[in-house]
Amino acid sequence: MARLLPRSFYLDSPDVVARRLLGKLITRRIDNQKLSGRIVEIEAYLGLDDPAAHSYNGKTARNAVLFGPPGFAYVYFIYGMYYCLNVSCQPDGHAGGVLIRALEPVEGLETMARLRHLPASAKPQLLTSGPGRLCQALDITRAAHNGLDVTSRTSPLQILDDGFEPDLIRSSPRIGIRKAVEHPLRFVIEGNAFVSG
DNA sequence: GGAGCGATGTCCT
DNA sequence: GGACATCGCTCCG
């Protein structure tokens with residue numbers, strides 16, 4: 001039986017939490033249906049010390065969740081079309097978070113395909129490989145999910161540990177950023193077919 | 001299969 | 001007004 005990750009899981013620095021989240025299950029409850037996917041790619045954003053992080057220039061209305069307590073969803077809108085899902089890390093008052101970049105779909109693939117406007121026969125890699133894609137596949141939006149507690153028993157968006165352990169984790173530079181491009185803060189499960197890029 | 005590029009809303013300077 | 005933690009399409013080989 002999968003165990004809901006507690007708030008203490010997210011209390012550490014984003015690079016530590018990012019590694020630790022690889023292989024964990026994200027579950028999205030929509031009415032009576034459950035969608036789930038395993039985290040296979042993730043990036044760390046370090047807060048005030050990280051020029052690539054949304055929190056770098058201080059707290060604003062948009063990024064306030066990153067400065068709050070750990071274990072809350074930070075969902076933002078990007079390029080006029082897509083949402084991206086992060087989870088806040090570090091104690092209340094300290095900015096930091098992790099960006100979920102790719103999932104291996106586990107449950108509800110037909111619904112994911114429909115939400116992605118793809119035929120049911122579409123390759124599963126097209127469902128949740130990429131931060132914008134996975135939000136569309138799980139119907140995650142800023143209006144509905146920003147600021148949500150992912151450690152709550154009643155949350156429609158949770159992260160669980162089902163005992164899976166990645167064989168090998170590889171780090172590399174983060175994707176799609178223009179500042180602080182050199183830091184190896186992207187983490188993937190080595191060899192997993194659902195990693196993006 | 002890879003490079004180039006347009007779509008498109010929100011936030012901050 | 002510009003930048004943006006993206007994606008999917010076109011065009012070319």
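Residue numbers begin at 1 in each chain, while the letters A, B, ... track the order of the sequences.
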With a cut-off of 3.5 Å and sequence neighbours excluded, list every side-chain donor-acceptor pair involving residues 51-58 of chain A.
from: A:His54; atom 1: ND1; to: A:Tyr74; atom 2: OH; distance (Å): 2.8

Helical stems, DNA chain B - three or more consecutive Watson-Crick or G-U wobble pairs below 3.5 Å: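 Ordered by first number, the stems with DNA chain B (at least 3 consecutive pairs each) read B:1-7 with C:6-12, B:9-12 with C:1-4.
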
Do the side chain of A:Glu43 and the main chain of A:Arg101 share a donor and acceptor less than 3.5 angstrom apart? no

Has A:Gln90 got a side-chain atom pairing as donor or acceptor with A:Ala95's backbone, closer than 3.5 angstrom? yes

Assign each of A:Gly176 and A:Leu118 the nucleotide of DNA chain C bearing its closest heavy atom; nearer the 5' end lies the nucleotide of A:Gly176

For DNA chain C, whose closest nucleotide is more 5', that of A:Arg133 or that of A:Leu66? A:Leu66

Residue pair A:Leu66 / A:Tyr76, side-chain heavy-atom distance below 4.5 Å: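 Not in contact.
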
Could you check whether any side-chain heavy atom of A:His145 comes within less than 4.5 Å of a side-chain heavy atom of A:Leu138, counting everything from C-beta outward? no

Please indicate whether [X] has more than 12 foreign heavy atoms, meaning atoms of other residues, nucleotides or ligands, lying under 6.0 Å from its [atom1].
| X | atom1 | result |
| --- | --- | --- |
| A:Asp167 | CG | no |
| A:Glu110 | CD | no |
| A:Arg116 | CZ | yes |

Each nucleotide N or O in nucleotides 11-13 of chain B that has a protein N or O under 3.5 Å away: list the pair and distance.
from: B:dC11; atom 1: OP1; to: A:Arg142; atom 2: NH2; distance (Å): 3.3
from: B:dC12; atom 1: OP1; to: A:Thr60; atom 2: OG1; distance (Å): 2.4

Is the Lys NZ or Arg CZ of A:Arg38 less than 6.0 Å from the centre of A:Phe194's six-membered ring, within 45° of the axis? no

If you look at every heavy atom in A:Ser196 and A:Gly130, which pair is closest and at what distance? CB-N, 3.9 Å

At a cut-off of 3.5 Å, list every protein nitrogen or oxygen paired with a nitrogen or oxygen from nucleotides 7-9 of chain B, distance to 0.1 Å.
from: B:dT8; atom 1: O2; to: A:Tyr79; atom 2: O; distance (Å): 2.1

Find out if a path of hydrophobic residues (ILVMFWY) with successive side-chain heavy-atom gaps under 4.5 Å connects A:Tyr83 to A:Leu157.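 Hydrophobic grouping puts A:Tyr83 with A:Leu157.
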
Range on DNA chain C touched by chain A - first to last nucleotide, heavy-atom distance under 4.0 Å: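 The protein-touched segment is C:dC4 to C:dG8.
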
Calculate, to the nearest 0.5 Å, the distance between atoms CG and CG belonging to A:Leu127 and A:Leu109 respectively.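 The CG atom of A:Leu109 is 5.5 Å from CG of A:Leu127, to the nearest 0.5 Å.
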
With a cut-off of 3.5 Å and sequence neighbours excluded, list every side-chain donor-acceptor pair involving residues 14-21 of chain A.
from: A:Asp15; atom 1: OD1; to: A:Ser13; atom 2: OG; distance (Å): 2.6
from: A:Arg20; atom 1: NH1; to: A:Phe9; atom 2: O; distance (Å): 2.7
from: A:Arg20; atom 1: NH1; to: A:Asp12; atom 2: OD2; distance (Å): 3.0
from: A:Arg20; atom 1: NH2; to: A:Asp12; atom 2: OD2; distance (Å): 3.0

